[in-house]
Amino acid sequence: MDLIESRSIFSPATGFIRRGGFAWTCNPYVGCTFSCVYCYAAFLPQNRRPVEDWGRWVTAKTNAAALAGKQAPKVAGQAVYLSSVTDPYQPAERSLFLTRGILEALVPHQPRLTIQTRGPLVARDTDVLRQFRSVRVNVSIPTDSERVRVRFEPKAPPLAKRWDAVRELRAAGVPVGVCVTPTLPVEDAAGFARHLAEFRPDVLVCQDFHDADGKFGADTGEAARALLAEVGWGPADYRAFVDRLSGEGLTVYEGEAGFFPPPAVEAAPGRGLIDDVA
Ligand code: SF4
C-alpha cells in the first residue's frame, strides 16, 4: 500500500454524482482492493495506473482526517458523497481509521452525508454516523448469490456480512440504502425480492447489468458474457426482477435516479447534537 499526503480531501462533485444533487465528493483512498471486475472507477482520470491493474493496489491519504478537520467548514450543510472513486471501508481502513477520522471531523458541520460502500466495516462507525442529522449509508448488495459475487467481486466481502452490517446500522437508527447495483445475475429472484421486502431499505436502487465489451461501464467483457450465458440471465430477467420488487411494495430507483442525498433535517431548536441522537 502506498501512502501519500494530499492537498485536499473534498472535491467538487462532477458527472452523475453532481446531477444527483451532491456538491462534494470525498475519497480517503485512491484505488481499491475489492477488485470488482466491472468497476467504473478504473476508467476515470484519477486512476493513473493501467486499467488491468485495478484492484491490486490502494493508496492511502494519510493526512485525510487532518485535512477534513481544516476543510470541513466549506461543506457544512451541503451534500457530500463518500466515496466516488474508491471504497471508504476497504481492508486498509480497519487499521488506518481515515474514513472514521473524516466522519468525526464532519460531525460539527452537519453535511448531508451519503456513504457508499461494500464494506461491512462501516458498522464499526455506527456511533459516529448516528451523530449526523442527515445521513444515509448505501451498501452495495448486487446479487443473492455468493457464486456470482465471487466471480464479479472476487476480493469484496461476502454478501452475508453486508447484510449483517445493514441490520446493525438499521438497529442503531442509521438510514440504510441497498444498492443492487449493478444488478448481477440473481439465482433466486423470488427469495431475494422477499428478503429485500422484509428489510425494506430506506432507498432501494437497481441498475441493469450490461456487458460493454471491455469499455467504460459496468462490464467484464468475456467474463460477463460467459457468466450471463451460464446462469441464463438477461435484460428480461432484470426487468422481471424489478417488477417483482415493485410487486412486493418496494419503490425501486433505477440507475442514476437512485443516487441522491438524504433530505435536509433541521436541528431541533434548543437541542445539541448529542441530544438529537440520544
Ligand atoms: S468496491 Fe467500489 S471502488 Fe472498489 S472495486 Fe468495487 S466498485 Fe470499484
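Remember, it's a predicted structure, so these values are computed and weren't measured experimentally. In each ligand, atom 1 is the first atom listed, and ligand 1 is the first ligand listed.
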N/O/S atom of C39 under 2.8 Å from atom 8 (Fe) of ligand 1, yes or no?
yes
To which protein heavy atom is [atom] closest, and what is the distance rounded to 0.1 Å?
atom: atom 4 (Fe) of ligand 1; result: C32 SG, 2.3 Å
atom: atom 2 (Fe) of ligand 1; result: R118 NH1, 3.6 Å
atom: atom 6 (Fe) of ligand 1; result: C36 SG, 2.3 Å

Salt bridge or not for E153 and R162, using N-O below 4.0 Å?
yes
Could you tell me whether R194 and E248 make a salt bridge, using a distance below 4.0 angstrom between a side-chain N and a carboxylate O?
no
Counting heavy atoms only, which part of S35 comes closer than 4.0 Å to ligand 1: side chain, backbone, both or neither?
backbone
Just to be sure I'm reading this right: ignoring hydrogens, which of Y29, F34, W54 gets closest to atom 1 (S) of ligand 1? Compare them by their nearest heavy atoms.
F34
Tell me if the aromatic rings of F199 and W163 count as close, with their centers under 6.0 Å from one another.
yes
Between F16 and F259, does the ring pair (Phe, Tyr, Trp, His ring centres under 6.0 Å) criterion hold? Intermediate values first, please.
CA-CA 8 Å; F16 80 90; F259 290 89; 5.7 Å; yes
More than 12 heavy atoms of other residues, nucleotides or ligands under 6.0 Å from NZ of K161: yes or no?
no
Which ligand 1 atoms are under 4.0 Å away from a heavy-atom of T86?
3 (S)
